[in-house]
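The basis for the numbers below is simple: all heavy atoms, side chains too, and nothing from hydrogens, waters or symmetry mates.
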Amino acid sequence: MNPSKLAVFVVHQSMSVIVAAFLLGAACGPVHAGTISAPSGLKYGDAFRIIFVTAGTTDATSTHVADYDDFVNSQANSATYNGSLVHWSVVGSTDTVNAYQHIGESSAGVYMVDGTKVANSTIRGLGNHGLWSCDLLAQPTAGIDGTVFSGVTVWTGTAGNGVTYETINGKFGLGSTNHGPNNYFGGAVTEVGRVPGAGPISYDWVEAGGIPSVHINSQQYQMYAISDVLVYSVPEPSSFALAVLGGIGLAFSSSRKRRLAD
């Protein structure tokens with residue numbers, strides 16, 4: 001091979017490697033704290049959701065579910081997926097809003113940030129290891145940064161089937177004003193869950209159950225948050241990445257023309 005053409009061939013191969021590496025970096029991007037990764041085993045286009053336990057605590061005195069959404073989003077460390085900020089909903093019920101409706105029903109699997117699968121879906125009544133099926137694949141115990149919590153109480157206001165916790169004495173959702181019969185509890189109380197629950201075949205991750213499961217709602221406890229439905233995909237390269245690649249291509253083209261002219 002002509003030495004000049006050989007040089008062009010070597011440069012071409014080197015540039016191909018550089019461009020491929022750059023494209024890979026542009027597509028995948030560096031992993032930073034606060035970045036959500038798709039669970040392993042998913043295919044492109046598969047949907048999933050992330051659930052986490054907040055590190056911070058709050059009371060349960062507000063009757064507005066949006067206030068709890070604001071709280072869990074403030075606890076998410078501005079987590080992103082594919083470069084976009086992830087929106088979170090509280091896994092909780094007020095006396096007028098059911099948790100299963102608030103978080104939305106979806107066939108997307110539910111995972112913790114480490115990729116552990118918690119449930120096959122958030123569809124109520126479906127069974128098959130759904131979030132509201134009393135048959136979880138794993139207990140939700142991890143925070144947004146992967147910290148595993150144990151022996152903590154969470155505000156939910158929710159029964160294990162995803163609706164507001166209710167007994168013959170009334171409802172005990174987030175922001176409840178129910179003191180029990182004849183002020184039995186000595187203050188307004190709300191249903192709680194346990195982290196971890198007694199096991200996958202249990203509702204007590206969200207509904208601890210019985211009289212001890214309703215607590216005076218001015219106390220400070222953690223909460224569960226669940227993401228909107230996310231889709232496993234590779235982000236498009238940024239405009240900066242495309243500009244750099246264009247510059248590399250132009251430089252290579254000019255170099256090749258000069259060498260061929262020699």
Side-chain angles (χ1 to χ4, degrees), residues 51-75 88-105 118-119 122-127 130-136 139-141 143 149-226:
I51 190 170
F52 75 90
V53 182
T54 66
T57 61
T58 184
D59 61 47
T61 58
S62 175
T63 59
H64 302 292
V65 72
D67 291 338
Y68 303 104
D69 285 342
D70 289 344
F71 169 71
V72 297
N73 277 281
S74 75
Q75 293 287 301
W88 306 87
S89 298
V90 66
V91 183
S93 305
T94 65
D95 283 359
T96 58
V97 176
N98 294 316
Y100 84 93
Q101 293 169 316
H102 179 61
I103 69 172
E105 295 182 274
V118 171
T122 51
I123 300 175
R124 181 171 177 259
L126 183 63
L131 191 66
W132 309 115
S133 69
C134 189
D135 190 16
L136 298 181
Q139 293 281 313
T141 57
F149 295 98
S150 181
V152 301
T153 300
V154 289
W155 290 122
T156 68
T158 303
N161 60 358
V163 302
T164 304
Y165 185 74
E166 185 174 8
T167 72
I168 59 172
N169 295 311
K171 293 186 176 183
F172 298 92
L174 299 169
S176 167
T177 57
N178 193 337
H179 290 221
N182 301 315
N183 196 32
Y184 179 84
F185 298 109
V189 291
T190 289
E191 175 68 9
V192 300
R194 307 289 186 194
V195 180
I201 312 301
S202 171
Y203 278 144
D204 62 354
W205 69 278
V206 68
E207 176 196 338
I211 290 177
S213 74
V214 289
H215 292 202
I216 301 293
N217 58 25
S218 59
Q219 297 182 84
Q220 296 282 317
Y221 293 142
Q222 291 159 258
M223 303 194 88
Y224 295 112
I226 191 168

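The side-chain heavy atoms of T63 and T94, taken from C-beta on, include no pair separated by under 4.5 Å. Within the 4.5 Å cutoff, the side chain of V192 has heavy atoms near those of the H215 side chain.
By the side chain to side chain contact (heavy atoms under 4.5 Å, CB included) test, S93 is found to be paired with A99, T158, T164, residues two or more places apart in sequence or in another chain being considered. Listed by chain and number, the residues in a side-chain hydrogen bond (donor to acceptor under 3.5 Å, both in side chains) with D59 are T61 (sequence neighbours excluded). For S74, the side chain to side chain contact (heavy atoms under 4.5 Å, CB included) criterion is met by F71, not counting sequence neighbours. Listed by chain and residue number, nothing satisfies the side-chain hydrogen bond (donor to acceptor under 3.5 Å, both in side chains) test with E166 (two or more places apart in sequence, or in another chain). Applying the side-chain hydrogen bond (donor to acceptor under 3.5 Å, both in side chains) criterion to T153, with sequence neighbours excluded, gives R194. Every residue was checked against the side chain to side chain contact (heavy atoms under 4.5 Å, CB included) condition with A66, not counting sequence neighbours, and none meets it. The ring pair (Phe, Tyr, Trp, His ring centres under 6.0 Å) search around F172 returns none, not counting sequence neighbours. By the side chain to side chain contact (heavy atoms under 4.5 Å, CB included) test, A119 is found to be paired with V110, L131, L136, residues two or more places apart in sequence or in another chain being considered. Remark: Q219 pairs with Y221 by the side-chain hydrogen bond (donor to acceptor under 3.5 Å, both in side chains) rule, at least two apart or across chains. With sequence neighbours left out, the ring pair (Phe, Tyr, Trp, His ring centres under 6.0 Å) criterion links Y165 to no other residue.
The distance from atom OG1 of T156 to atom CD of Q222, rounded to the nearest 0.5 Å, is 13.5 Å. In this structure, N161 CG and R124 CZ are separated by 4.5 Å, a value rounded to the nearest 0.5 Å. Summarising the geometry, atom OG1 belonging to T190 is positioned 11.0 Å from atom CZ belonging to F185; distances are rounded to the nearest 0.5 Å. Atom CG of N217 is separated from atom CG of L174 by 8.5 Å, given to the nearest 0.5 angstrom. Considering OG1 of T141 and CD1 of I51, their distance stands at 10.0 Å, rounded to 0.5 Å. Here the CG-CG distance, from D95 to N178, works out to 7.5 Å after rounding to the nearest 0.5 Å.
Using a distance-only test at 3.5 Å, with no hydrogens or angles considered, a donor-acceptor pair links the side chain of T54 to the main chain of M223.
Heavy-atom minimum distance, H102 versus V97: CB-CG1, 3.9 Å. Smallest separation of non-hydrogen atoms from A159 and V206: O-CG1, 4.1 Å. G160 and E207 make their closest contact through N-OE1, 2.7 Å (heavy atoms, listed as atom of the first residue, atom of the second, distance).
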* Derivation and outcome, ring pair (Phe, Tyr, Trp, His ring centres under 6.0 Å), residues Y203 and W132 -> CA-CA 8 Å; Y203 278 144; W132 309 115; 8.8 Å; no

* Asked: Step by step, would you call T122 with I226 a side chain to side chain contact (heavy atoms under 4.5 Å, CB included)?
  -> CA-CA 10 Å; T122 51; I226 191 168; 4.0 Å; yes

* Derivation of the side chain to side chain contact (heavy atoms under 4.5 Å, CB included) call for N73 and D70 -> CA-CA 5 Å; N73 277 281; D70 289 344; 5.6 Å; no

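With no hydrogens or angles considered, a side-chain donor-acceptor pair links S213 and E191 at under 3.5 Å.
Considering F149, W205, Y224 in turn, Y224 is the only one that fulfils the side chain to side chain contact (heavy atoms under 4.5 Å, CB included) rule with V154.
Annotation: W155 is not in aromatic contact with Y68 [ring centroid separation under 6.0 Å not met].
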